A.B. asks: 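This is the structure, below, for whatever I ask next.
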Amino acid sequence: MSKTYTIAEVLNQKVPVDSEVVLKGWVRTRRDSKAGFSFIALHDGSCFSPIQVVAPNTLANYENEILKLTAGCSIVVHGKVVASPGQGQSVEIQANSIEVLGFVDDPETYPISPKHHTLEYLREHAHLRIRTNTIGAVMRVRSCLGQAIHRFFHEQGFYWIHTPIITTSDCEGAGEMFRVSTLDLQNLPRKENGQINFAEDFFGKETFLTVSGQLNAESYCLAMSKVYTFGPTFRSENSNTSRHLAEFWMIEPEIAFANLLDDAKLAEDLLRYCFKAVLEERADDMAFFAQRVDKDCITRLENILQHNFEHMDYTDAIKHLQNANKKFDYPVEWGLDLQSEHERYLAEELVGKPVILMNYPKDIKAFYMRLNDDGKTVAAMDVLAPGIGEIIGGSQREERLEILDQRMTECHLNPADYQWYRDLRRYGSVPHAGFGLGFERLVSYVTGVSNVRDVIPFPRTPKHAQY
RNA sequence: UCCUCGGUAGCUCAGUCGGUAGAGCAAUUGACUGUUAAUCAAUGGGUCACUGGUUCGAGUCCAGUCCGAGGAGCCA
C-alpha cells in the first residue's frame, strides 16, 4: 500500500528514490512524446515547483483520458520516485496508474491557461488565481509571515489577544466604519424626534466593525504586560490605491513598562525576524519573485538584515527635506504632516532603507499618543519602507489621566465616551507603547507584488466584494 | 472622492489619414520529439465596453455612462 506524499516532500528528497508513492494535484501542462509516453507537470501547492510525472502509453486510460488532460485537471498518480534522466529536475514520478478526478469542462475558456496573465485579470478570477505561480507563491509567503509573527511573539513571551470584531465605540478615530445592525432597513424604528432608535438594534446601541484593536489591547497589556492582536480590521473609506483595503489584517503589539524607543526596537526586531524566516523557509518562492516580479526583493531583505533601521526625529526630517536638492509639490514646514513624496524621499533617496520617524507635532497625531516634555510633540513613530511608504504606525501611549483628558478635549472628543479607557489610567497606570503593522503591506513589501489586492486571498475594496 | 491613462479573439496586445478585423500565446487537428514557457503545419475563434451623435462610410472623431489601472488624499 503506497503512501500519499506532497510534491514538496518528494522534491525535497524526503522520500528515497524507488519509493512507491501516491501524489494528488492539478495538471499544469502535458507534453506528449511519440516515444510512448506523456510528461505531466503536476502541482499541489505544497511548494513552488510542480513535479514531472511520466505517463507511459501502456496505462489503461492513456488514449481516452491521459491524452485529454489539460491545464487544471485534477488527478491521482500512483507511481515510483525515480532519478530523472532529463534536465530540470532531479527526480520524477514513473506512473503506474493515473486516476482522473475532474476534467476541465472547456479548456479554451479555462481562465488559468498556461501563459502570462496580468494581475488585474487574475483579480477578476480570484477563486482560480491561486493556481498560478505568482499568487500561489504570494500565499505561501503570506502564510510563512503569519506563522513567523506568531512565533516571534511567542518566543518573546507575548500573549495573543483576540480583541472584538464588533465594537460599540465609534471613537476609535482611525477611519470611517462599517455599521453592524440587524434593524430592518426598509422599516427603521424611530424615536419621537424622528431619529433612528438604536435601542431596538441587536446590541441596544450603534455598533460597527472594528478599525483597530488597540484600545482593547491596551487593557490587556495593563494586566499581561506583553500582548498582541492579529486579526481582521475594517475601514469603509473610499480609498482606491494599491495600498488600501476595506478589510485587511493588522498586527498590534502593546507592551507595558515601555517607552517609544522600546517600541521602535520591537518593531525592528519583528520585521527582521519575519524577513529572515521568509528567506529561510520560502527560498523557492522568493527566487521566483526575484526572477519575474521584483529583481531586488531578495537583496533588499538581505541588506536590511545586515543594517539597523535609521532613526530620525520628525524635526530633523523637516530640516533634511528643506535642504533637499529637490522640488516637492507640497510644502515642507514644521507642523505640517509629511506627504507621500516626502516619506518617499526620506526612505528611498536620503536613506535607502527603512526609516523610523519619531516625535511628530501633536496637532497631526492621535489623542492617545504621549505628550513629550517639550509640550509640542508626541511620542509617535512611523516606520517608512522604501517603495511602499508607511508600513508601521505606533506610539508610546499617554498614561497620565489629566493630560489624556486635556488631549481628548483638544481633539474635540468627549472623555465621557472613553470611561473604560480612562479607567486604565486611574487604576495602576504605567508607561506603555505599541504599534500597528499592516499585514498586507508587509507581504507586499517582502514579495515585491506592489498591489495589496494581490496579496490577500479575496480582496475587499470599494465596489468589490465578490467571491 | 479628485487627477491621468486605458477597455479590440479565451489571454497579452497592434490597428497608419475615417474606407473589407490583425499578430503572438492558448484551444482543436496533424507531424516530430526524454520533453520541460518544446518545435513545425493547418483549422476554428470578434456585439472593437455600452448608449447616442457626426459622416456616403466609425475600432478610429464627438458626448454621456459603466468598468479597470496608476497617482493623490485618508491610513496600515
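Because the structure is a prediction, the values reported are computed rather than measured. Just so we're on the same page: letters track the sequence lines, and every chain starts at 1. The analysis underlying the following values was restricted to heavy atoms, covering all of them including side chains, and did not include hydrogens, waters or symmetry mates.
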A.B. asks: Any donor-acceptor pair under 3.5 Å joining the side chain of Ser239(A) to the base of C74(B)?
C.D. replies: yes

A.B. asks: What interatomic distance, in whole Å, is found between C1' of C66(B) and the corresponding atom of U51(B)?
C.D. replies: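 Roughly 10 Å separates the two C1' atoms.
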
A.B. asks: Using a heavy-atom cut-off of under 4.0 Å over every strand shown, decide if Ser38(A) touches base, sugar-phosphate, or nothing.
C.D. replies: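 Touches nothing.
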
A.B. asks: Select base, sugar-phosphate, or nothing to describe what Glu120(A) touches, counting heavy atoms under 4.0 Å on all strands.
C.D. replies: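 If one applies the 4.0 Å heavy-atom cut-off, Glu120(A) turns out to touch the sugar-phosphate alone, with no base involved.
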
A.B. asks: Specify the separation, in whole Å, of atom OH of Tyr110(A) and atom P of U28(B).
C.D. replies: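 Nearest whole value for this atom pair: 14 Å.
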
A.B. asks: Taking atom P in both C62(B) and C5(B), compute the distance separating them and give it to the nearest angstrom.
C.D. replies: 12 Å

A.B. asks: Measure the distance from CD on Glu341(A) to P on C74(B) and round it to the nearest whole Å.
C.D. replies: 12 Å

A.B. asks: Residues from residues 326-340 of chain A sitting under 4.0 Å of RNA chain B, heavy atoms only?
C.D. replies: Tyr330(A), Gln339(A), Ser340(A)

A.B. asks: Report yes if a donor N or O on one partner sits less than 3.5 Å from an acceptor N or O on the other, where the partners are the side chain of Glu237(A) and the base of U1(B); otherwise report no.
C.D. replies: no

A.B. asks: Can you tell me how the ring of His150(A) sits relative to the ring of Trp160(A), calling it parallel under 30°, perpendicular over 60° and tilted otherwise?
C.D. replies: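 Correct class here is tilted.
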
A.B. asks: Quick check on A72(B): is either OP1 or OP2 less than 4.0 Å from any side-chain nitrogen or oxygen of Arg243(A)?
C.D. replies: yes

A.B. asks: Checking all strands, does Arg28(A) fall into the base, sugar-phosphate, or nothing category for heavy-atom contacts under 4.0 angstrom?
C.D. replies: nothing

A.B. asks: Would a distance-only check, ignoring hydrogens and angles, find a side-chain to backbone donor-acceptor pair under 3.5 Å from Ser239(A) to Thr241(A)?
C.D. replies: no

A.B. asks: Quick check: closest heavy atoms across Gly72(A) and Tyr110(A), and the distance to 0.1 Å?
C.D. replies: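 Minimum heavy-atom separation between Gly72(A) and Tyr110(A): CA-OH, 3.6 Å.
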
A.B. asks: So, is Ser33(A) close to the U35(B) phosphate, meaning a side-chain N or O under 4.0 Å from OP1 or OP2?
C.D. replies: no

A.B. asks: For the aromatic rings, using the six-membered ring if either is Trp, is the centroid distance between Phe328(A) and Tyr345(A) under 6.0 Å?
C.D. replies: yes

A.B. asks: From CZ of Phe103(A) over to P of A27(B), roughly how many Å is that when rounded to an integer?
C.D. replies: 15 Å

A.B. asks: Taking CG from Leu122(A) and P from G10(B), how many angstroms apart are they, rounded to a whole number?
C.D. replies: 17 Å

A.B. asks: Choosing from A37(B), G34(B), U12(B), which nucleotide comes nearest the side chain of Arg292(A)?
C.D. replies: A37(B)

A.B. asks: How is Phe37(A) classified with respect to the nucleic acid when contacts are heavy atoms under 4.0 Å: base, sugar-phosphate, or nothing?
C.D. replies: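 Base contact.
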
A.B. asks: Less than 6.0 angstrom from the centroid, inside 45 degrees of the normal: does Arg282(A) satisfy that with respect to the ring of Phe289(A)?
C.D. replies: no

A.B. asks: Please determine, for G44(B), whether a Watson-Crick or G-U wobble partner exists with both distances under 3.5 Å, and give it or none.
C.D. replies: none

A.B. asks: Classify Ile392(A) by what it touches in the nucleic acid, base, sugar-phosphate, or nothing, heavy-atom distance under 4.0 Å.
C.D. replies: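 Sugar-phosphate only.
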
A.B. asks: For Tyr445(A) and Phe275(A), take the angle between the two ring planes, folded into 0 to 90°, and tell me which bin it lands in: parallel under 30, tilted 30 to 60, perpendicular over 60.
C.D. replies: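 Plane angle between 30° and 60°, so tilted.
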
A.B. asks: With a non-hydrogen cut-off below 4.0 angstrom, is Ser242(A) in contact with a base, only sugar-phosphate, or nothing?
C.D. replies: sugar-phosphate

A.B. asks: Can you say whether the rings of Phe158(A) and Tyr228(A) are parallel (under 30°), tilted (30 to 60°) or perpendicular (over 60°)?
C.D. replies: perpendicular

A.B. asks: Just checking His244(A): base, sugar-phosphate only, or nothing, at a heavy-atom cut-off of under 4.0 Å?
C.D. replies: base

A.B. asks: Using the C1' atom on both, measure G10(B) against C3(B) and round to a whole Å.
C.D. replies: 34 Å

A.B. asks: Counting only N and O atoms by type, is there a donor-acceptor contact under 3.5 Å from the side chain of Asn216(A) to the main-chain atoms of Thr163(A)?
C.D. replies: no

A.B. asks: Is there a side-chain contact between Val443(A) and Trp249(A) (heavy atoms, below 4.5 Å)?
C.D. replies: no

A.B. asks: Nearest nucleotide by nearest heavy atom, which residue falls closer to the 5' end of RNA chain B, Glu92(A) or Thr29(A)?
C.D. replies: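 Closest to the 5' end, via its nearest nucleotide, is Glu92(A).
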
A.B. asks: Does A23(B) have a Watson-Crick or wobble mate here (both distances under 3.5 Å), and if so which one?
C.D. replies: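 The answer is U12(B), by the H-bond criterion.
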
A.B. asks: Could you check whether Gly86(A) gets within reach of a base, just the sugar-phosphate, or nothing at all, counting any heavy atom under 4.0 Å?
C.D. replies: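 Answer is base: heavy atoms of Gly86(A) come under 4.0 Å of a base.
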
A.B. asks: In whole Å, what separates the P atom of G59(B) from that of G53(B)?
C.D. replies: 15 Å

A.B. asks: When rounded to the nearest Å, what value does the distance between P atoms of U12(B) and A49(B) take?
C.D. replies: 14 Å

A.B. asks: Counting distance only, does the side-chain N/O of Glu341(A) pair as donor-acceptor with the main-chain N or O of Asp329(A) below 3.5 Å?
C.D. replies: yes

A.B. asks: For Phe39(A) and U39(B), what is the distance between atoms CZ and P respectively, to the nearest whole Å?
C.D. replies: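 Atom-to-atom, Phe39(A) to U39(B), this comes out as 15 Å.
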
A.B. asks: Under 30°, 30 to 60°, or over 60°: which ring-plane class applies to Tyr121(A) and His117(A), parallel, tilted or perpendicular?
C.D. replies: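 Geometry flag for His117(A) against Tyr121(A): parallel rings.
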
A.B. asks: Closest to the Arg453(A) side chain: A72(B), G70(B), G34(B)?
C.D. replies: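 For the Arg453(A) side chain, the nearest candidate turns out to be G70(B).
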
A.B. asks: Contact class for Ile251(A) vs. all strands (heavy atom < 4.0 Å): base, sugar-phosphate, or nothing?
C.D. replies: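 Since no nucleic acid heavy atom lies under 4.0 Å of Ile251(A), the category is nothing.
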
A.B. asks: Quick one: Arg129(A) CZ to G10(B) C1', roughly how many Å, whole number?
C.D. replies: 20 Å

A.B. asks: Now, which nucleotide makes the Watson-Crick or G-U wobble pair with C2(B), with each of the two distances under 3.5 Å?
C.D. replies: G71(B)

A.B. asks: Which is true for Ala35(A) with a 4.0 Å heavy-atom rule: it touches a base, it touches only sugar-phosphate, or it touches nothing?
C.D. replies: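 Sugar-phosphate, backbone atoms only, no base.
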
A.B. asks: Nearest-Å distance, CG (Leu128(A)) to P (G10(B))?
C.D. replies: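 Between P of G10(B) and CG of Leu128(A): 17 Å.
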
A.B. asks: Report the distance from atom CD of Glu343(A) to atom P of A72(B), rounded to the nearest whole Å.
C.D. replies: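 In whole Å, A72(B) P lies 10 Å from Glu343(A) CD.
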
A.B. asks: Using the P atom as the reference point in each nucleotide, state the distance between C25(B) and A37(B) in Å, no decimals.
C.D. replies: 15 Å

A.B. asks: Report which part of the nucleic acid Phe248(A) touches: base, sugar-phosphate, or nothing (heavy-atom distance under 4.0 Å, all strands).
C.D. replies: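 The residue Phe248(A) makes base contact.
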
A.B. asks: Is Asn451(A) near enough to G70(B) that one of its side-chain N or O atoms lies under 4.0 angstrom from OP1 or OP2?
C.D. replies: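 Yes, Asn451(A) has a side-chain N/O under 4.0 Å of OP1/OP2 on G70(B).
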
A.B. asks: Name the residue closer to the 5' end of RNA chain B, choosing between Ser450(A) and Thr241(A) according to the nucleotide with the nearest heavy atom.
C.D. replies: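 Result: Ser450(A).
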
A.B. asks: Could you tell me whether the side chain of Asn240(A) has a donor or acceptor atom within less than 3.5 Å of a complementary atom in the base of U1(B)?
C.D. replies: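 Pair found.
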
A.B. asks: Among the nucleotides G34(B), A69(B), U12(B), which one has an atom lying closest to any side-chain atom of Gln89(A)?
C.D. replies: G34(B)

A.B. asks: Quote, to the nearest angstrom, the C1' distance that separates A69(B) from U29(B).
C.D. replies: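 Comparing C1' positions in A69(B) and U29(B) gives a spacing of 39 Å.
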
A.B. asks: Which nucleotide, in any strand shown, forms a Watson-Crick or G-U wobble pair with A31(B), with both distances under 3.5 Å?
C.D. replies: U39(B)

A.B. asks: Quick one: look up who U51(B) pairs with, Watson-Crick or G-U, both distances under 3.5 Å, and put none if it's unpaired.
C.D. replies: A63(B)

A.B. asks: When you compare U8(B) with U47(B), how far apart are their C1' atoms, in angstrom units rounded to a whole number?
C.D. replies: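 Here U8(B) and U47(B) have their C1' atoms 12 Å from each other.
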
A.B. asks: Can you tell me if Arg31(A) touches the phosphate of A37(B), counting only side-chain N or O atoms and a distance under 4.0 Å to OP1 or OP2?
C.D. replies: no

A.B. asks: Closest approach of Asp382(A) and Gly394(A), non-hydrogen atoms and distance?
C.D. replies: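 Asp382(A) and Gly394(A) have their closest heavy atoms at OD1-N, 4.3 Å.
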
